[in-house]
Amino acid sequence: MVTYKMRWRKYKSYLLLTRRSVSSLKTCPKRWLLVLLGFLGFVNVYAMRVNLSVAMVAMVRKQDRTDDTHAGIACYELLKPQDNSSSSFSSLDGDFDWDASTQSLILGSFFYGYVITQIPGGVFAEKYGAKWLYGIGVFITSVFTLLTPYAAVLGVWPLVIVRAIEGLGEGVTFPAMNALIGRWAPKNERSRMSAIIYTGCTVGNVMSFALSGIISDTLGWPFVFYIFGILGIIWTFFWLFLVSETPELHPCITIEEIDHIRRGQESSGVWKTPDVPWKAILSSRYVWALVITSFGQGWGYYTLLTELPTYLAQILHFDIKKNGVLSAFPYLMQACLAISSSFIADNLRTSGRFRINTIRKLFNSIGFFSPALCIVLVAFVGCHPTVIIVILAVSAGLNGFHNSGYSVTHVDMSPEFAGTLMGITNCIGNLSGFLAPAYVGFITQSGQTLNNWKIVFLTTSAVYVLTGLVYNFFCTAELQPWGTARSTGMRSIEEQDDNIRTVIINKPR
């Protein structure tokens with residue numbers, strides 16, 4: 001009897017806790033639920049994108065370091081005796097004999113598919129639904145991540161094909177999310193909502209870099225792909241059941257939150273899906289300046305994202321565990337500064353003391369010119385790993401300011417066609433995703449030397465500076481005349497509220 005009563009009390013406590021959790025979920029602002037799940041979605045897709053960069057250190061056979069003269073081995077003094085004698089997994093030969101060019105081909109193959117679905121992704125998101133497109137994109141990426149180890153065993157080209165298909169799936173995620181931000185974000189919350197969501201990319205890098213080395217060392221490199229693939233599939237179900245296409249369609253949202261969102265967008269009109277003004281967009285010099293800026297950010301970002309583990313392994317001679325953790329450190333800094341800077345940007349905009357152009361260009365300048373300076377320093381530091389890691393961390397951290405710079409400019413220019421704009425800029429900008437690794441492979445083909453990596457770093461710095469100047473001189477964050485079509489379908493606030501109530505009341509729960 002006593003046992004029965006104790007069980008009943010525990011059951012009642014569980015019911016009470018469950019009810020409170022459900023109640024708190026219902027009272028949670030639904031735009032921030034979108035932010036949370038969007039953030040976790042990008043954590044997943046970026047973890048699956050970059051895990052190959054770390055796993056490849058374990059997959060590829062090590063270079064012969066037995067040369068008595070130590071010729072051709074950069075920073076030989078950093079090699080430790082146990083590096084050559086340890087019997088741990090990290091010191092064993094990998095399964096594949098891939099040279100620098102082959103590794104660059106494999107690392108860049110993801111972007112062959114990634115750039116193809118950018119523009120269609122933006123158009124489909126605006127016309128047919130960004131929620132489903134984003135969820136399906138993550139799901140496809142997850143499934144083919146699970147298939148990566150099998151493709152690698154079959155050969156280089158099967159692996160390239162699988163990675164390209166992953167890119168096809170992930171290519172729709174940024175345009176789809178930008179479309180959702182345009183529909184859900186009030187004007188004075190755009191920076192923080194965008195920054196938090198897209199910081200998921202950086203946190204995904206941190207998780208993937210930090211965990212991939214440990215997983216490779218303990219379980220074996222195939223589990224890097226199995227674990228992240230499964231996590232992506234699990235996330236998909238939460239996304240599809242808890243997120244809605246627009247605020248008006250969410251089954252649990254309050255009238256007050258819908259009104260807050262729409263007034264914050266300076267609109268009382270029902271969201272429409274008009275035809276994309278292609279001629280106006282493609283003839284806008286501001287759009288093309290944004291494309292060039294996106295390319296510059298992509299070049300610097302992907303040079304470090306895909307090649308940093310190789311640099312740490314081949315030049316600074318870190319083992320795979322330490323390699324992953326240290327590769328993650330710069331992106332941890334980036335996540336922290338990206339979010340904190342976004343709140344500063346929104347507060348500056350709310351204060352009304354600065355024009356939106358001034359805010360965006362200030363933050364973008366910090367995000368581009370500061371990393372350019374840091375990367376130049378890395379090129380000349382030489383074999384000082386502690387100094388190099390600190391400089392790279394500062395570089396990546398300050399680069400996070402671009403989330404409140406050019407990255408959110410798409411939504412500023414056109415909240416309604418933000419998905420299409422992101423598709424265009426990401427399509428061309430992410431050509432750097434395979435051009436940068438190919439360039440690094442070409443430069444380092446003659447050897448993993450300090451001089452070759454100096455060329456890589458100086459090139460990256462120059463690209464940051466040039467494209468940052470393009471944004472400052474030729475781009476704008478002002479709303480464009482073609483940026484919205486909602487004025488043609490405006491309703492009175494009373495009609496709008498009546499329509500919202502009808503949607504919410506009639507929609508089945």
Side-chain angles (χ1 to χ4, degrees), residues 30 33-52 55 109-152 158-181 183-184 197-205 207-208 211-212 215 222-246 249-250 419 422-423 426-427 430 433:
K30 299 306 175 287
L33 181 61
L34 168 74
V35 169
L36 173 62
L37 288 172
F39 167 84
L40 293 175
F42 279 115
V43 169
N44 276 300
V45 294
Y46 261 70
M48 292 183 286
R49 180 190 295 199
V50 306
N51 55 11
L52 181 61
S109 60
F110 173 92
F111 296 93
Y112 299 147
Y114 188 69
V115 298
I116 293 174
T117 50
Q118 291 290 327
I119 296 177
V123 176
F124 289 172
E126 289 159 359
K127 283 190 173 292
Y128 305 112
K131 165 198 166 178
W132 282 92
L133 194 64
Y134 185 81
I136 292 171
V138 177
F139 182 78
I140 291 173
T141 306
S142 303
V143 170
F144 280 89
T145 295
L146 289 172
L147 297 176
T148 299
Y150 303 102
L159 179 57
V160 167
I161 292 171
V162 165
R163 290 289 292 179
I165 296 174
E166 282 185 52
L168 287 171
E170 192 173 325
V172 303
T173 56
F174 270 92
M177 182 51 66
N178 239 36
L180 286 170
I181 291 171
R183 295 171 186 178
W184 281 85
I197 290 172
Y198 292 134
T199 298
C201 305
T202 307
V203 175
N205 294 340
M207 285 183 56
S208 190
L211 297 179
S212 294
I215 294 170
F223 283 88
V224 172
F225 305 99
Y226 298 150
I227 292 173
F228 288 118
I230 291 171
L231 289 175
I233 291 173
I234 293 172
W235 170 91
T236 303
F237 292 99
F238 284 95
W239 171 263
L240 295 179
F241 283 107
L242 296 177
V243 172
S244 293
E245 190 67 39
T246 64
L249 293 176
H250 200 287
M422 178 61 83
N426 244 19
C427 175
N430 276 284

Enquirer: Take S208 and F228, measure what side chain to side chain contact (heavy atoms under 4.5 Å, CB included) needs, and give me the verdict at the end.
Expert: CA-CA 8 Å; S208 190; F228 288 118; 4.2 Å; yes
Enquirer: Please round to the nearest 0.5 Å and tell me the distance separating atom SG of C201 and atom CZ of F39.
Expert: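 Spacing of SG (C201) from CZ (F39) equals 9.5 Å.
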Enquirer: Using 30° and 60° as the class limits, which term best fits the ring planes of Y134 and F42: parallel, tilted or perpendicular?
Expert: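 Answer is perpendicular, since the angle exceeds 60°.
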Enquirer: When rounded to the nearest 0.5 angstrom, what distance separates CZ in R163 from OG in S109?
Expert: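 These two atoms lie 6.0 Å from each other.
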Enquirer: Taking all heavy atoms of A179 and all of E126, pick out the closest pair and write down the distance.
Expert: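 Closest pair (atom of A179, atom of E126, distance): CB-CG, 4.4 Å.
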Enquirer: Using every non-hydrogen atom in the two residues, find where E170 and Y114 come nearest and quote the distance to one decimal.
Expert: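 Shortest heavy-atom separation between E170 and Y114 comes out as O-CE1, 3.5 Å.
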Enquirer: Can you name the closest pair of heavy atoms from L249 and S244 and give their distance?
Expert: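 Distance-wise, the nearest heavy atoms are O-OG, 3.6 Å.
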Enquirer: Supply the atom-to-atom distance T141 OG1 to N44 CG, rounded to the nearest 0.5 angstrom.
Expert: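 Separation between the atoms: 10.0 Å.
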Enquirer: Who passes side-chain contact (heavy atoms from CB on, under 4.5 Å) against S142, sequence neighbours left out?
Expert: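 Result, side-chain contact (heavy atoms from CB on, under 4.5 Å) vs S142: M48, V138, I233.
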Enquirer: Roughly how far, to the nearest 0.5 Å, is CH2 of W184 from CD1 of I197?
Expert: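 Separation between the atoms: 11.0 Å.
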Enquirer: Quick check for you: to the nearest 0.5 Å, what is the distance between L34 atom CG and K131 atom NZ?
Expert: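 That separation rounds to 11.0 Å.
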Enquirer: Restricting to non-hydrogen atoms, name the atom on G169 and the atom on I140 that form the minimum distance, rounded to 0.1 Å.
Expert: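 That would be CA-CG2, 4.0 Å.
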Enquirer: Measure from the side-chain N and O atoms of W132 to the backbone N and O of E245, and report whether any donor-acceptor pair falls under 3.5 Å.
Expert: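 Here the side-chain-to-backbone pair does not exist.
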Enquirer: Is the side chain of R49 donor-acceptor paired with the backbone N or O of G167 at a distance under 3.5 Å, no angle test?
Expert: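 Such a contact is absent between R49 side chain and G167 backbone.
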Enquirer: Rounded to the nearest 0.5 Å, what's the gap from CZ on F144 to CD1 on I165? Could you check?
Expert: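 Reported value, rounded in 0.5 Å steps: 4.0 Å.
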Enquirer: In terms of ring plane angle, is the pair F223 and Y226 parallel, tilted or perpendicular, where the classes change at 30° and 60°?
Expert: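 Perpendicular.
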Enquirer: Tell me if a side-chain donor or acceptor on S212 pairs with a main-chain N or O of V224 at a distance below 3.5 Å.
Expert: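 Side chain of S212 to backbone of V224, a donor-acceptor pair under 3.5 Å: no, none is there.
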Enquirer: Start with the C-alpha distance between F225 and V162, add both sets of side-chain angles, then the distance that settles side chain to side chain contact (heavy atoms under 4.5 Å, CB included), and finish with yes or no.
Expert: CA-CA 12 Å; F225 305 99; V162 165; over 6 Å; no
Enquirer: Write down the atom of P175, the atom of A125, and the distance for their closest heavy-atom approach.
Expert: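 Smallest interatomic distance, heavy atoms only, reads O-CB, 4.4 Å.
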Enquirer: Under the 3.5 angstrom rule, does the side chain of Y128 hit a backbone N or O of L133 as a donor-acceptor pair?
Expert: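 Not confirmed, Y128 side chain does not pair with L133 backbone.
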Enquirer: If every non-hydrogen atom of Y112 is compared with every non-hydrogen atom of A164, which pair is closest and at what distance?
Expert: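 Taking every non-hydrogen atom into account, CB-CB, 4.5 Å.
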